[in-house]
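Protein chains get the first letters and strands the later ones, always in sequence-line order, with residue 1 at the start of each. A quick note: this is a predicted structure, and the numbers were derived from the prediction, not measured.
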Amino acid sequence: MNLFRHIAGEITRALQDMAAAGELPAGLDLSAVTAEPPRDPAHGDIATNAAMVLAKPARRKPREIAEALVGRLRQVAGVTAADIAGPGFINLRLSDDFWRARLAEILQAGAAYGDSDLGKGTPVNVEYVSANPTGPLHVAHARGAVVGDALANLLAKTGYGVTKEYYINDAGAQVDTLGRSTYLRYQEALGLQIGDIPEGLYPGEYLKDVGRKLAERDGPKWLNQPEEIWLPAVRDFAIDELMESIRDDLDAMGVHMDVFTSERALVQSGAVEAAFKALSDAGLIYQGRLEPPKGQKPDDWEDREQTLFRSTQFGDDVDRPLKKSDGSWTYFANDIANHHDKFRRGFAEMIDVWGADHGGYVKRMQAAVKAITGGKGALDVKLCQLVRVLKGGELVRMSKRAGSFVTLRDLLDEVGADVVRFTMLTRKNDAPFDFDLVKATEQSRDNQVWYVQYAHARTRSVMRQAAAAGFEGLDAAVLVAARHERLVDAGELSLIKLLAQWPRQVEAAAQAHEPHRIAFYLYELASQFHAHWNRGKEDGSLRFVVEADRELTLARIALVQAVGFVIQSGLGIFGVPPAEEMR
RNA sequence: GCGCCCGUAGCUCAGGGGAUCAGAGCAACCGCCUUCUAAGCGGUAGGUCGCAGGUUCGAAUCCUGCCGGGCGCGCCA
């Protein structure tokens, strides 16, 4: 149970009782009332702002409301103290037994502790990576992949019906360029001299493989043919090859998409026309002219009338073109169809994870979603800032395979998927990130992955030690039944309190769409666990396994197991398997 | 020129989204190893939360302006 929500419910009920008793006006809006841990634990276990928030609408002084409320809150089960602080805050203290009762919940739930039905099954579509199939995935994609995947897992854990989706940008001019670039490598594979890769084509060596495979499959049949003959076949072949390698890379990182949507297929199905018609019918399409951007006018700017979408009606800065000068759809038009299609598939809630270089695109896409869904759909966009790869402080630039960037595969080879996944989440998505390959694998406290894994390994170590000391069959039932009231040490109790915050942390992170919060919580939990461990070194009576006191040992093992479960629960969101030992 | 993001301790970053003293790690200094991994733990020192206003009983948190850095700005995706 999310005990903060539980207490918030109790506070709400007390306020309603007060209203019924005439101590407060009826019909007050209680939605701003919170129950949360105070910043300083010395203030108590839970603080509520109820009296402060209601003072104005109730036309009463905060302290008056607080005085009345405190009396009622003292009657709530588990509450041992309710005090007024400062201008009218109420600090609650809960009994140790109330806290210890969380232990049984954790032990029964195991790694599922923190799961909730917050989302009530609401479908959510999380679109991430969505890289063009024109080259291997690189570090920026890795960040998007990790953020998107963890966010999706987080939402699934909190009861949303999550679909992980990849939108394949396989319809534009870039894939034609890919086709031409591949054709060159195909010729090369058949023994022709191709010289330098011409400007405008992709020079990456990764296309050599693709060219060679094409030569193996088709032989020389495309040689000496006009481009219009070979381009479609070569392009499609290359897209398939690159998508396969992209899927392999994602697999290697533990990212598994539910749906791959092809832009090309979408266009061919007439989805763009359908979306366009919907906007048009709503009177949101017109022919007009745009001002050139100030300060930086493109040299080839040509003032002309074009087909525009009234995105300004939905908060965008200027209206946006949906057709190129040759009459074909813009990428934006296709992406409107993409989101329209998601909405029609049942997703009113959509999340896109993009690179920061697409930041200028957010407003128009959100505008489009509002327009095309009649206001029923909502799009949240998570922008991932730049990732720089360092090695011992030195910037790493070149990749063996790709030429100008570090590939995802390089990263995985260098530090492993688990480290990539966790480390990428130790920063907010909208803060730039320096990924240091040396630090990422260092075994020290400033390496958060290692530190959290070490804590989990230590929980396992305790279990092994306990078994060696004759404690066997330590299953959930035995640990749930253990005498938890024997846990009276301050370190033990504060660990329990931190564990009890987990469900709230998960829900808060899910609602904010911020998976990085999980990493910080896990780091704090690990820190407290290591600290408590060390107390046992200094004071033998605090060690987990006390052979002379079987009852106490079982209670402490229950706590250790609970710590392990919560770490597992958290790492599960990141898709990182917990370590059994660190050797 | 316009839009978005960022500006918190020497360094790298948190700060649950308004209120009860500004946090962590690293680096610096001082301590703790016969016992479950010292790959660790504890302590000291260090900040007018970019600047200036505003809203409020209360602002690192919300609003406005400015300064500094990043990203982007029809017919690329």
Side-chain angles (χ1 to χ4, degrees), chain A residues 32 34 36-40 42-44 47 49 52-53 55-56 62 85-89 91 130-132 134 169 171-175 263 289-296 298 300-304 306 308 316-318 320-321 323-328 330-332 334-335 355-363 383 385-386 426-428 430-432 434 436 439 442-448 450-451 454 457-458 461-466 468-469 501 504-505 508-509 511-512 514 516-517 519-521 523-524 527 530-538 540 543-545 560 581-583:
Chain A
T34 59
E36 37 193 34
R39 289 188 187 163
D40 185 346
H43 291 137
N49 62 355
M52 314 285 293
V53 175
K56 190 171 282 182
F89 283 96
N91 292 324
S130 296
N132 302 332
T134 56
N169 300 138
Q174 293 187 8
V175 287
E263 179 184 5
R289 293 171 190 280
L290 287 178
E291 295 288 311
K294 297 199 169 124
Q296 183 201 325
D300 58 345
W301 179 271
E302 154 195 4
D303 187 33
R304 66 176 189 85
Q306 44 192 349
L308 299 170
D316 200 2
D317 305 309
V318 290
R320 305 291 177 175
K323 283 185 179 175
K324 303 178 192 172
S325 50
D326 66 358
S328 65
T330 59
Y331 178 80
F332 179 47
N334 289 354
D335 213 8
D357 53 343
H358 289 59
Y361 197 76
V362 174
K363 279 189 187 177
L383 291 180
Q385 287 293 334
L386 204 70
T426 57
R427 197 122 312 166
K428 280 185 301 206
D430 51 10
D434 284 348
D436 195 308
K439 281 188 184 165
E442 228 165 47
Q443 302 189 328
S444 72
R445 180 164 189 171
D446 58 338
N447 178 350
Q448 300 186 34
W450 176 84
Y451 191 69
Y454 186 24
R458 276 183 153 174
S461 169
V462 171
M463 303 308 273
R464 289 190 293 269
Q465 289 296 329
Q501 292 203 25
R504 178 175 179 276
Q505 292 286 347
Q511 283 175 319
E514 290 183 355
H516 74 274
R517 290 190 196 178
F520 285 90
Y521 172 86
Y523 185 75
E524 191 187 341
S527 177
H530 287 308
H532 188 66
W533 176 292
N534 217 58
R535 278 180 211 116
K537 283 192 169 303
E538 285 157 10
R543 295 168 65 90
F544 299 116
V545 179
V560 170
E581 55 181 2
M582 302 302 284
R583 290 182 206 285

Base, sugar-phosphate, or nothing: which does [X] touch, judged by heavy atoms less than 4.0 Å apart?
{"X": "A:Gln505", "result": "nothing"}
{"X": "A:Arg464", "result": "nothing"}
{"X": "A:Glu442", "result": "nothing"}

Between [N] and [M], how far is it from one [atom1] atom to the other, in whole Å?
{"N": "B:rA24", "M": "B:rC71", "atom1": "C1'", "value": "29 Å"}
{"N": "B:rG43", "M": "B:rC11", "atom1": "P", "value": "24 Å"}
{"N": "B:rG16", "M": "B:rA39", "atom1": "C1'", "value": "31 Å"}
{"N": "B:rC13", "M": "B:rG17", "atom1": "P", "value": "23 Å"}
{"N": "B:rG31", "M": "B:rG68", "atom1": "C1'", "value": "42 Å"}
{"N": "B:rG3", "M": "B:rG74", "atom1": "C1'", "value": "15 Å"}
{"N": "B:rU48", "M": "B:rG40", "atom1": "P", "value": "32 Å"}
{"N": "B:rG47", "M": "B:rA9", "atom1": "C1'", "value": "5 Å"}

List for me each residue that meets side-chain hydrogen bond (donor to acceptor under 3.5 Å, both in side chains) alongside [X], sequence neighbours excluded, and say none if there are none.
{"X": "A:Arg458", "result": "A:Tyr454, A:His530"}
{"X": "A:Asp357", "result": "none"}
{"X": "A:Ser325", "result": "none"}

Calculate the interatomic distance between [X] atom [atom1] and [N] atom [atom2]; express it in whole Å.
{"X": "A:His358", "N": "B:rG3", "atom1": "NE2", "atom2": "C1'", "result": "16 Å"}
{"X": "A:Glu581", "N": "B:rC36", "atom1": "CD", "atom2": "P", "result": "16 Å"}
{"X": "A:Tyr331", "N": "B:rG72", "atom1": "OH", "atom2": "P", "result": "16 Å"}
{"X": "A:His532", "N": "B:rA38", "atom1": "NE2", "atom2": "C1'", "result": "18 Å"}

Among the candidates [options], find the nucleotide nearest to the side-chain atoms of [X].
{"X": "A:Tyr454", "options": "B:rC36, B:rC13, B:rA39", "result": "B:rA39"}
{"X": "A:Val545", "options": "B:rA19, B:rG74, B:rC36", "result": "B:rC36"}
{"X": "A:Arg427", "options": "B:rA77, B:rC13, B:rA38", "result": "B:rC13"}
{"X": "A:Ser325", "options": "B:rC75, B:rU37, B:rA14", "result": "B:rC75"}
{"X": "A:Gln465", "options": "B:rG74, B:rC36, B:rC41", "result": "B:rC36"}

Just the atom pairs and distances: protein N or O near nucleotides 7-11 of chain B's N or O, under 3.5 Å.
none

Quiz item: Any idea how A:Tyr331 and A:Tyr361 line up, ring-wise: parallel (<30°), tilted (30 to 60°), or perpendicular (>60°)?
Solution: tilted
Quiz item: Stacking here means centres under 5.5 Å and planes under 30°; does A:Trp533 stack on B:rG40?
Solution: no
Quiz prompt | Strand RNA chain B as a dot-bracket string - pairs counted if Watson-Crick or G-U with both distances under 3.5 Å, | where the partner lies in another strand | solution = (((((((..((((.........)))).(((((.......))))).....(((((.......))))))))))))....
Taking only the side-chain nitrogens and oxygens of [X], find out if one of them lies under 4.0 Å from OP1 or OP2 of [N].
{"X": "A:Lys363", "N": "B:rC2", "result": "no"}
{"X": "A:Tyr451", "N": "B:rC41", "result": "yes"}
{"X": "A:Lys537", "N": "B:rU35", "result": "no"}

Exercise. Look only at the side chain of A:Asn91 and the backbone of A:Ala47, and say whether a donor-acceptor pair between them is shorter than 3.5 Å.
Key: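 Pair absent, no side-chain N/O of A:Asn91 close to backbone of A:Ala47.
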Quiz prompt | Anti or syn - B:rC73, cut at 90° from 0 | solution = anti
Quiz item: How does each nucleotide of nucleotides 20-34 of chain B score, in 5' to 3' order, for protein heavy atoms under 4.0 Å: base (B), sugar-phosphate only (S), or none (-)?
Solution: BB--SSS--------
